[in-house]
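The structure appears below as structure tokens.
All residue numbers refer to positions in the sequence shown, counting from 1.
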Amino acid sequence: MEERAVLANIASIITKDLLIDQQPKGDGPTEISSNNYPLLAASDDDEAEIFALMQQKRGTSSNLKRRETMEQAKPQKRRKIAKLQWTYGDLNLLHRYVEAQFESYLHMRKLSFLKIQQSLGEILQEISLPGYPSPPPQTVFSLAMWKLATDEHFEEISRKYQLPWALCQQVVRSFWNVISDNYESFIKWPNSLAAQQNTLQGYQSLPQLKCFKELFGIITLKRLDVFLESEHAEVPVVLQLICNAEKKIIDCYVELAHEYTFEDSPIGQTLALNPRTMPAGSYLIGNSVFPLKSYLMRPIESECFRKDAVFNDLMKPAFQLAEKVLDALARRFNTLYALEARDLNEVRLIVESICAMHNLCEEFRDDYLDQLSISEGRTNFTWGGIVDDIKGSESNNQGLRRRVDLMDELVAMEP
């Protein structure tokens with residue numbers, strides 16, 4: 001009799017499960033009624049009621065998860081971030097100063113300033129400042145040129161033009177970086193055959209240097225004392241430049257004075273590895289701080305014969321041309337008098353920017369410095385330091401042979 005009761009209970013439970021499984025599926029919760037299914041009445045079986053409630057809860061949870069998945073699958077619209085607006089005053093030095101004031105501060109003509117600004121239009125548009133709105137191009141150029149042309153510190157500039165000190169720094173440093181990123185657009189080494197021929201022919205138009213038929217460039221060196229924040233002290237650095245007959249700079253390099261050698265400079269390494277960087281047989285002219293090479297001619301250290309002295313005298317106009325280029329840099333960009341930077345890399349950025357702006361002034365034939373020299377009655381300008389602790393070697397055999405051949409070509413034999 002007990003076995004029959006157990007079997008009956010089992011059959012009743014199985015029947016309940018089948019009835020629940022056959023319930024129609026829908027989006028709403030499962031409804032289980034004791035009228036439709038009397039076997040599920042709570043009075044008949046408490047376990048059946050608990051089972052039904054669990055099924056109802058499971059169905060609700062499943063629908064909720066499905067809804068969340070569908071919502072996540074929908075593409076989320078990007079929130080538009082409001083562009084920061086420049087709320088500071090727009091700085092334009094062309095409008096701020098009359099012509100005489102402008103030239104005394106910027107050391108160039110207003111027309112040259114405008115042409116340079118227009119030529120940099122696309123580059124200036126690329127400048128963006130993290131955490132600050134993008135400044136107008138004329139504001140960037142005006143601040144950067146004022147910093148380069150004067151010996152004022154950032155604190156003085158920020159007070160003068162009522163801009164935050166940190167903002168002034170970011171604007172000017174962004175200008176230095178973007179000019180350095182476009183280095184080859186402004187400081188151009190003659191790589192093409194046509195450019196190399198033009199460089200050679202340029203010196204033939206100068207009466208005092210036309211005797212050097214294969215002269216390709218004049219290399220010079222200048223010592224500067226720079227305050228480096230990373231060192232908390234003034235540190236001597238050397239500036240190496242190569243210029244052409246048009247007084248444009250075609251290569252520049254900055255290094256710590258105690259670490260400098262010509263052989264370690266980028267152009268020194270390039271010429272040693274690939275002589276075809278210059279036309280075959282051509283050479284640079286440099287003073288006695290540079291080593292003698294087949295592609296770099298320098299004066300004879302010990303003049304033993306008249307021929308040696310004549311050869312050295314023929315080289316002097318080349319050194320004078322290089323000095324004029326260095327003088328033009330310092331007279332136009334007074335920041336070289338009180339140069340300060342965070343580290344050596346920033347010094348290089350500043351110098352590259354100065355050389356780039358100098359080349360643009362030469363390209364647009366700015367004559368302010370020439371007229372100033374005439375009115376002041378002086379041609380020489382003293383600045384920086386002389387590099388007297390560096391002496392180039394004359395022991396290179398190929399250089400010695402090339403210099404002897406050049407002397408025979410230039411200097412008539414003694415009777």
Side-chain angles (χ1 to χ4, degrees), residues 199-224 238-255 257 260-262 265 267-268 271 278 282-303 306-332 336 351 354-355 358-359 362 369-370 373 378-394 396 399-400 402-404 406-407 409-411:
T199 302
L200 291 171
Q201 292 172 5
Y203 287 105
Q204 300 306 302
S205 64
L206 303 178
Q208 293 180 312
L209 291 173
K210 64 185 303 182
C211 58
F212 296 97
K213 304 296 184 183
E214 290 86 22
L215 176 57
F216 192 73
I218 303 170
I219 186 169
T220 187
L221 209 64
K222 197 74 171 180
R223 172 185 167 132
L224 302 173
V238 291
L239 167 61
Q240 175 184 284
L241 299 178
I242 301 177
C243 61
N244 61 15
E246 299 174 353
K247 300 179 185 177
K248 287 185 179 180
I249 296 167
I250 60 176
D251 183 76
C252 73
Y253 174 63
V254 176
E255 184 56 273
Y260 169 81
T261 62
F262 169 77
S265 67
I267 191 63
L271 292 173
M278 300 193 307
S282 64
Y283 49 82
L284 305 173
I285 286 181
N287 57 25
S288 59
V289 302
F290 295 101
L292 180 65
K293 306 283 184 180
S294 60
Y295 48 81
L296 203 170
M297 296 290 101
R298 50 158 286 165
I300 298 172
E301 188 72 28
S302 301
E303 299 178 1
R306 186 190 68 86
K307 189 176 182 180
D308 300 342
V310 172
F311 178 78
N312 286 352
D313 287 341
L314 289 174
M315 283 190 162
K316 287 180 180 179
F319 306 146
Q320 292 168 358
L321 178 63
E323 283 299 318
K324 287 182 179 179
V325 173
L326 288 171
D327 288 352
L329 290 182
R331 298 181 72 184
R332 182 170 278 129
L336 290 170
V351 170
I354 289 174
C355 293
H358 164 83
N359 283 353
E362 292 297 327
L369 294 181
D370 295 333
S373 297
R378 64 173 183 174
T379 56
N380 295 328
F381 192 71
T382 303
W383 70 283
I386 299 173
V387 185
D388 54 2
D389 55 345
I390 301 176
K391 293 293 182 184
S393 171
E394 290 186 289
N396 183 276
L400 288 169
R402 182 70 180 94
R403 189 168 66 180
V404 169
L406 185 59
M407 288 174 60
E409 178 184 336
L410 297 177
V411 184

Test side-chain contact (heavy atoms from CB on, under 4.5 Å) on V411 and L314 and set out the steps. CA-CA 9 Å; V411 184; L314 289 174; 4.3 Å; yes

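- Rounding to the nearest 0.5 angstrom, the gap separating the SG atom in C355 from the CD1 atom in I250 is 12.0 Å.
- The NZ atom of K324 sits 10.5 Å away from the CD1 atom of I218 when rounded to the nearest 0.5 Å.
- For H358 (side chain) and K247 (main-chain N/O), a donor-acceptor pair under 3.5 Å exists by modelled atom type.
- Between F262 and F290, the ring-plane angle classifies as perpendicular under the 30° and 60° cut-offs.
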Please walk me through it: do K316 and D313 pass salt bridge (charged side-chain N to carboxylate O under 4.0 Å, His left out)? CA-CA 5 Å; K316 287 180 180 179; D313 287 341; 3.2 Å; yes

Please assess L271 against L284 for the test side-chain contact (heavy atoms from CB on, under 4.5 Å), listing each intermediate value before the final yes or no. CA-CA 11 Å; L271 292 173; L284 305 173; 4.1 Å; yes

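- Of all non-hydrogen atoms in L200 and S282, the two that sit nearest each other are CD2-CB, 4.2 Å.
- The CE atom of M315 lies 8.0 Å from the CD1 atom of I300; values are rounded to the nearest 0.5 Å.
- When all heavy atoms are compared, the tightest approach of K248 to N359 is CA-OD1, 3.4 Å.
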Y295 and F216: side-chain contact (heavy atoms from CB on, under 4.5 Å), yes or no, with the steps? CA-CA 9 Å; Y295 48 81; F216 192 73; over 6 Å; no

Using the rule given for side-chain contact (heavy atoms from CB on, under 4.5 Å), can you reason through I267 versus Q240, listing the C-alpha separation, both sets of side-chain angles and the distance that settles it, and then say yes or no? CA-CA 10 Å; I267 191 63; Q240 175 184 284; 3.4 Å; yes

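- Under the 30°/60° scheme for interplanar angles, the aromatic rings of Y283 and F212 are found to stand perpendicular.
- Nearest heavy atom pair, residue R331 against residue S373, reads NH1-OG, 2.7 Å.
- L321 and A245 make their closest contact through CD2-CA, 4.4 Å (heavy atoms, listed as atom of the first residue, atom of the second, distance).
- Among all heavy-atom pairs drawn from R298 and S288, the shortest one is NH1-O, 3.0 Å.
- Here the CG-CG distance, from D251 to N244, works out to 12.0 Å after rounding to the nearest 0.5 Å.
- Across A309 and E303, no two heavy atoms sit closer than the pair CB-OE1, 3.4 Å.
- In this structure the side chain of T220 never reaches within 4.5 angstrom of the side chain of V325, judged on heavy atoms.
- Put simply, CZ on R306 and CG on D308 are 10.0 Å apart, with the number rounded to the nearest 0.5 Å.
- The environment of CD in E409 is crowded: more than 12 heavy-atom neighbours from other residues, nucleotides or ligands sit within 6.0 Å.
- Distance check: L336 CG to L224 CG gives 6.0 Å after rounding to the nearest 0.5 Å.
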